[in-house]
Amino acid sequence: MPNNKSTIYRGRFAPSPTGSVHFGTLVAAVGSYLQAKANHGEWLIRIEDVDTTRTIDGSDKEILKTLEAFGFEWDGEIIDQSQQTEHYQQALESLMAQSLIFPCTCSRKQLAETNSKIYPGTCRSNKLPVSDEHALRLLTHDITIEFDDIVMGEQSQNIKQECGDFVIKRRDKLFAYQLAVVVDDARQNITEIVRGADLLDSTQRQIYLQQLLGYPTPAYCHLPLAVDSDENKISKSEGTSKIDIKNREKQLCDVLKFLGQLPPADLSASTINDIWSWAITHWDITRVPTKTHIQPVLSQK
Ligand code: GLU
Ligand code: ZN
């Protein structure tokens with residue numbers, strides 16, 4: 001019997017509930033949605049609230065309300081990372097059983113003094129358990145992880161030299177995003193990940209974890225990040241990029257243009273349903289720009 005589970009396309013959109021919906025959020029939502037629809041696949045939503053210190057109350061509801069108003073249709077249950085702790089713990093235990101986890105007792109000051117973004121491996125020979133007051137890091141090996149991103153092309157990173165031993169569980173006892181995302185994508189059988197290019201450099205760490213945990217590696221597709229004139233991620237700043245559902249037709253067309261699609265000039269005067277049917281029929285991933293940072297052109301509101 002063929003296993004349908006492994007052949008169906010499963011994509012996802014995984015917003016962090018850290019504020020209002022901005023143009024950048026919509027780019028990741030639209031790109032992942034169209035790629036799933038064009039592949040006759042499923043599209044899931046996951047609320048990435050693993051870092052509860054950044055969660056803004058009500059932001060998850062606002063994101064879902066906005067998606068609904070735009071006419072997105074999702075499959076299955078929405079999961080919240082804050083409810084998945086037992087699964088992250090199991091993955092951590094599997095890494096511990098492989099002697100790949102060590103407690104890092106470095107203070108913030110010590111880490112700042114190393115003058116390097118890459119952890120120098122100071123605590124590598126610390127044995128578990130210390131107390132649970134300390135961060136837990138993954139012992140990385142001197143290996144190069146490569147993948148062929150559907151939009152951005154060939155990517156490669158030496159995990160030990162270019163990234164270093166990274167945090168799996170933080171000193172405030174929260175699991176790190178890198179572990180959470182890998183566990184969730186595997187548990188939800190995600191076959192392709194479409195998201196913003198700010199996560200391009202995290203992908204090798206995630207593939208490395210998938211290999212250590214015995215999970216399959218999905219395909220990856222990173223979309224250009226919408227930035228302001230200072231190259232800052234647009235979703236982090238208030239202002240014109242905030243999504244207003246009153247202008248959803250224009251904003252959806254702006255996103256399509258940002259993603260290199262060629263909507264007819266009068267498409268934004270159509271209904272939202274007509275825009276979606278044009279977008280799904282004409283979606284062409286090969287038209288998405290291969291630049292990682294782009295300043296969007298937004299229509300007048
Ligand atoms: N939660 C992340 C964000 O909102 C996305 C993570 C992902 O798609 O893997 O930027
Ligand atoms: Zn340390």
Side-chain angles (χ1 to χ4, degrees), residues 10-33 35-36 43-52 54-56 59-60 62-63 67 78-82 84 101-114 116 118-128 130 133-140 149 164-171 175-186 188 190 192-207 209-210 217-223 225-227 233-236:
R10 281 189 125 202
R12 59 29 162 215
F13 172 55
S16 302
T18 53
S20 325
V21 181
H22 287 264
F23 188 80
T25 328
L26 201 58
V27 168
V30 170
S32 59
Y33 189 67
Q35 183 69 351
W43 186 72
L44 283 68
I45 295 182
R46 175 167 78 231
I47 301 295
E48 296 215 315
D49 57 353
V50 69
D51 183 355
T52 48
R54 289 180 58 226
T55 301
I56 293 183
S59 167
D60 55 343
E62 191 193 330
I63 294 170
L67 293 176
I78 296 177
I79 73 158
D80 292 343
Q81 285 186 324
S82 55
Q84 311 300 317
I101 297 290
F102 64 89
C104 171
T105 54
C106 298
S107 64
R108 278 199 185 89
K109 188 164 171 265
Q110 275 171 306
L111 291 174
E113 278 165 7
T114 62
S116 161
I118 298 165
Y119 179 71
T122 321
C123 302
R124 280 191 140 203
S125 51
N126 280 356
K127 295 277 170 287
L128 285 164
V130 180
E133 298 296 299
H134 302 295
L136 298 178
R137 288 186 186 267
L138 180 74
L139 196 125
T140 53
D149 191 86
D165 301 339
F166 55 97
V167 173
I168 293 291
K169 196 173 180 188
R170 303 173 5 172
R171 88 173 75 199
F175 283 98
Y177 154 75
Q178 304 293 354
L179 182 76
V181 74
V182 163
V183 170
D184 297 336
D185 286 328
Q188 296 188 294
I190 301 302
E192 187 174 294
I193 292 175
V194 182
R195 62 185 178 190
D198 50 336
L199 292 161
L200 191 59
D201 280 352
S202 288
T203 307
Q204 289 90 345
R205 263 170 282 173
Q206 295 172 15
I207 295 175
L209 279 172
Q210 287 153 6
T217 289
Y220 285 93
C221 180
H222 286 86
L223 307 172
L225 196 67
V227 290
K233 189 171 169 177
I234 212 167
S235 60
K236 294 281 177 266

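Whatever order the structure lists them in is the order used to number ligands and atoms, beginning at 1. The basis for the numbers below is simple: all heavy atoms, side chains too, and nothing from hydrogens, waters or symmetry mates.
Among the atoms of Tyr119, an N, O or S atom falls under 2.8 Å of the Zn ion (ligand 2).
Taking all atoms of both residues into account, the shortest heavy-atom contact from Ala29 to Leu67 is CB-CD2, 4.0 Å. The nearest pair of heavy atoms linking Asp60 to Pro17 is N-CB, 3.7 Å. The two residues Pro218 and Glu192 have their closest heavy-atom pair at CB-N, 4.1 Å.
In terms of protein heavy atoms, atom 6 (C) of ligand 1 is closest to Glu48 OE1, 3.0 Å. Scanning the protein for heavy atoms near atom 10 (O) of ligand 1, the closest one is Lys233 NZ, 3.9 Å. Of the protein's heavy atoms, Arg12 NH1, 2.6 Å lies nearest to atom 8 (O) of ligand 1. For atom 3 (C) of ligand 1, the closest non-hydrogen atom on the protein side is Ser16 OG, 3.6 Å.
Put simply, the side chain of Asn126 gets close to the backbone of Pro103: a donor and an acceptor are under 3.5 Å apart. A donor-acceptor pair under 3.5 Å links the side-chain atoms of Arg10 to the main chain of Gln188, judged by distance alone. In this structure a side-chain-to-backbone donor-acceptor pair under 3.5 Å is present from Asp49 to Ser82.
None of Asp184, Ile79, Ile193 except one satisfies the side chain to side chain contact (heavy atoms under 4.5 Å, CB included) rule with Arg12; the exception is Ile193.
An angle of 110° is found at the Zn ion (ligand 2) between Cys104 atom SG and Cys106 atom SG, rounded to 10°.
Using cut-offs of 30° and 60° on the angle between ring planes, the pair Trp43 and Tyr33 is perpendicular.
At a heavy-atom cutoff of 4.0 Å, ligand 1 is contacted by no atom of Ile193, backbone or side chain. Under 4.0 angstrom from ligand 1, there are no non-hydrogen atoms of Phe13.
Those atoms of ligand 1 with a heavy atom of Arg195 less than 4.0 angstrom away are 7 (C), 8 (O), 9 (O). Of all the atoms in ligand 1, the ones that sit under 4.0 Å from a non-hydrogen atom of Val181 are 9 (O).
When the heavy-atom distances from atom 5 (C) of ligand 1 to Ala14, Pro15, Ser32 are ranked, the shortest goes to Ala14.
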